[in-house]
Amino acid sequence: MKIATVLRNDDYTREVEQALKEKLHAANSPFTFVKGPSEQPDMVLSIGGDGTLLEAVHQYGIEPSYVGIHTGHLGFYADWRPEELDEFVERLMNDEPLIAEYPTVQCRISTRDGKQYEKWALNEMVLRNANLSTLVSCVYINGDELETFRGDGLIVSSPSGSTAYNKAVDGAIVHPSIEAIQLSEIASINNQAYRTINSSLVLPKHHEVELIVMNPEIMIGLDREQAVWRDVCSIRCRVGPDKVKFARYKRLTFWGRVRNSFISG
């Protein structure tokens with residue numbers, strides 16, 4: 001099996017990676033480490049936090065499976081702590097993992113000159129006005145107009161991303177076994193002149209949300225990456241055709257992760 005590592009950029013994380021490699025070498029493991037994204041691994045070890053895991057997923061794509069080792073605060077995607085490396089190596093050598101598949105968000109961005117760009121996210125797509133003033137966007141679901149949104153921004157999240165930015169704006173937490181996307185508003189304007197639904201919407205796999213953009217410059221965030229886009233006319237989002245695979249060597253449920261991340265001390 002070929003393994004790649006993606007690290008958070010700090011000395012402690014690099015020390016954890018070195019310790020892991022030494023333990024695997026001492027165990028005479030059959031695993032080899034690839035040297036970069038030009039070589040496709042079977043498994044990717046993300047050592048850092050959830051941001052590191054998102055970076056790893058966009059670096060290596062949907063083909064490999066992923067394992068997270070967190071070197072900071074408890075990560076939602078990560079199963080292992082540095083002090084558990086001996087147990088992790090033992091399970092990696094001897095156990096077959098449970099493969100958990102997480103849905104993604106597929107986005108098609110269309111510009112006024114007729115170009116289209118296919119993008120995807122494991123957590124979410126975030127839409128804001130580029131200069132952080134009011135975003136104006138017409139919202140359509142399956143071709144039917146829902147509202148004209150005015151406010152700070154809009155989030156289209158996956159089930160796993162429902163525990164991220166979406167949760168911070170009081171969106172629902174959705175189990176990854178439910179193939180859905182969620183549309184949530186960020187600080188919408190609701191007064192006598194303007195009204196929005198002002199509630200998160202969970203849309204099933206066969207539904208599509210289209211955002212007709214009125215602002216000439218917008219900021220689009222896709223997981224950790226963000227960029228200013230000009231002359232975007234629409235963004236169409238739906239459940240992506242592919243899922244990201246996580247190799248689970250621990251039997252920790254999704255709701256256990258929710259508890260560990262947000263409730264347990």
Side-chain angles (χ1 to χ4, degrees), residues 50 54 76 102-110 119-229 232-240 254-255 257-259 261-263:
D50 282 347
L54 292 174
F76 186 83
Y102 282 15
T104 58
V105 179
Q106 185 78 23
C107 301
R108 175 176 294 172
I109 303 171
S110 301
K119 302 288 184 179
W120 66 277
L122 174 58
N123 265 11
E124 74 270 305
M125 186 281 297
V126 179
L127 175 62
R128 288 180 175 270
N129 193 19
N131 62 11
L132 300 182
S133 62
T134 301
L135 174 75
V136 182
S137 174
C138 294
V139 179
Y140 287 77
I141 297 177
N142 291 344
D144 295 326
E145 184 176 6
L146 175 70
E147 66 183 22
T148 297
F149 172 85
R150 292 174 176 86
D152 283 1
L154 292 164
I155 304 169
V156 181
S157 64
S158 70
S160 54
S162 70
T163 62
Y165 196 177
N166 171 77
K167 182 180 180 298
V169 297
D170 294 326
I173 295 179
V174 179
H175 193 280
S177 65
I178 300 173
E179 295 186 79
I181 58 174
Q182 185 169 177
L183 174 67
S184 297
E185 302 176 356
I186 307 171
S188 58
I189 297 173
N190 282 279
N191 53 32
Q192 291 183 344
Y194 305 121
R195 303 296 299 173
T196 72
I197 195 69
N198 198 26
S199 179
S200 293
L201 304 178
V202 179
L203 308 177
K205 186 176 182 179
H206 61 282
H207 282 207
E208 179 181 79
V209 58
E210 181 178 15
L211 309 175
I212 305 297
V213 180
M214 302 301 179
N215 305 79
E217 291 187 346
I218 56 173
M219 179 77 72
I220 299 177
L222 294 157
D223 291 335
R224 295 192 73 192
E225 300 179 4
Q226 60 182 19
V228 174
W229 290 68
V232 171
C233 58
S234 75
I235 304 171
R236 294 175 179 263
C237 299
R238 62 189 307 121
V239 176
F254 175 78
W255 300 117
R257 294 174 191 280
V258 170
R259 177 176 175 81
S261 295
F262 301 114
I263 299 174

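- For residues 183-219, there are no ring-ring contact (aromatic ring centres under 6.0 Å, His included) pairs, not counting sequence neighbours.
- Among residues two or more places apart in sequence or in another chain, the salt bridge (charged side-chain N to carboxylate O under 4.0 Å, His left out) test is passed with Arg108 by Glu118.
- Judged as a salt bridge (Lys or Arg N to Asp or Glu O under 4.0 Å), not a single pair has a partner in residues 133-148 (not counting sequence neighbours).
- The nearest pair of heavy atoms linking Ser137 to Leu211 is OG-CB, 3.5 Å.
- Looking at Thr148, its side chain never comes within 3.5 Å of a backbone N or O of Cys138 through a donor-acceptor pair.
- Interatomic distance, Asp223 CG to Trp120 CH2, rounded to the nearest 0.5 Å: 7.0 Å.
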Next item on the list: Go through the steps to decide whether Ile220 and Leu127 satisfy the test side chain to side chain contact (heavy atoms under 4.5 Å, CB included), and finish with yes or no.
Entry: CA-CA 5 Å; Ile220 299 177; Leu127 175 62; 4.2 Å; yes
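- Counting only heavy atoms from C-beta outward, the side chains of Leu135 and Ile186 never approach each other to under 4.5 Å.
- Listed by chain and number, the residues in a side-chain hydrogen bond (donor to acceptor under 3.5 Å, both in side chains) with Gln182 amount to none (sequence neighbours excluded).
- For residues 122-139, the set of pairs meeting the salt bridge (Lys or Arg N to Asp or Glu O under 4.0 Å) definition, not counting sequence neighbours, is empty.
- The minimum heavy-atom distance linking Gln106 with Gly240 is given by the pair CB-CA, 3.6 Å.
- When all heavy atoms of Val228 and Ala130 are compared, the closest pair comes out as CG1-CB, 4.1 Å.
- In this structure Asn131 satisfies the side-chain hydrogen bond (donor to acceptor under 3.5 Å, both in side chains) test together with Asn129, Ser133, sequence neighbours excluded.
- Partners of Cys233 according to the side-chain contact (heavy atoms from CB on, under 4.5 Å) rule, which considers only residues two or more places apart in sequence or in another chain, are Ser110, Arg112.
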Under 3.5 Å, which donor-acceptor pairs link side chains of residues 167-178 to any protein atom two or more places apart or in another chain?
residue : atom : partner : partner atom : Å
His175  : ND1  : Ser177  : N            : 3.0
His175  : ND1  : Ser177  : OG           : 2.9

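- Contacts of Glu179 classified as side-chain hydrogen bond (donor to acceptor under 3.5 Å, both in side chains), with partners at least two apart in sequence or in another chain: Lys205.
- Side chains of Glu185 and Ile197 form a contact here, defined as non-hydrogen atoms less than 4.5 Å apart.
- We find the SG-CD1 distance between Cys237 and Ile109 to be 8.0 Å, quoted to the nearest 0.5 Å.
- One distance of note links CG of Asn142 with CD of Glu210; it measures 10.5 Å at 0.5 Å rounding.
- Below 30°, between 30° and 60°, or above 60°: for Tyr102 and Phe254 the angle between ring planes is above 60°, a perpendicular geometry.
- Taking Arg195 as the reference, Asn190 meet the side-chain contact (heavy atoms from CB on, under 4.5 Å) condition, with sequence neighbours excluded.
- Residues Asn166 and Ser162 approach most closely at ND2-O, 3.0 Å, considering heavy atoms.
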Give the table of side-chain donor-acceptor pairs shorter than 3.5 Å for residues 149-159, with sequence neighbours excluded, one pair per line with atom names and distance.
residue : atom : partner : partner atom : Å
Ser158  : OG   : Leu122  : O            : 2.4
Ser158  : OG   : Asn123  : O            : 3.3
Ser158  : OG   : Ser160  : OG           : 3.3
Ser158  : OG   : Gly161  : N            : 3.0

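- Considering all non-hydrogen atoms of both residues, Val139 and Val209 come closest at CG1-CG2, 4.0 Å.
- Rounding to the nearest 0.5 Å places CD1 of Ile181 at 5.0 Å from CG of Leu203.
- The nearest pair of heavy atoms linking Thr196 to Ser188 is OG1-OG, 3.4 Å.
- Legend: residues meeting side-chain hydrogen bond (donor to acceptor under 3.5 Å, both in side chains) with Ser200, ordered by chain and number and at least two apart, are Ser184.
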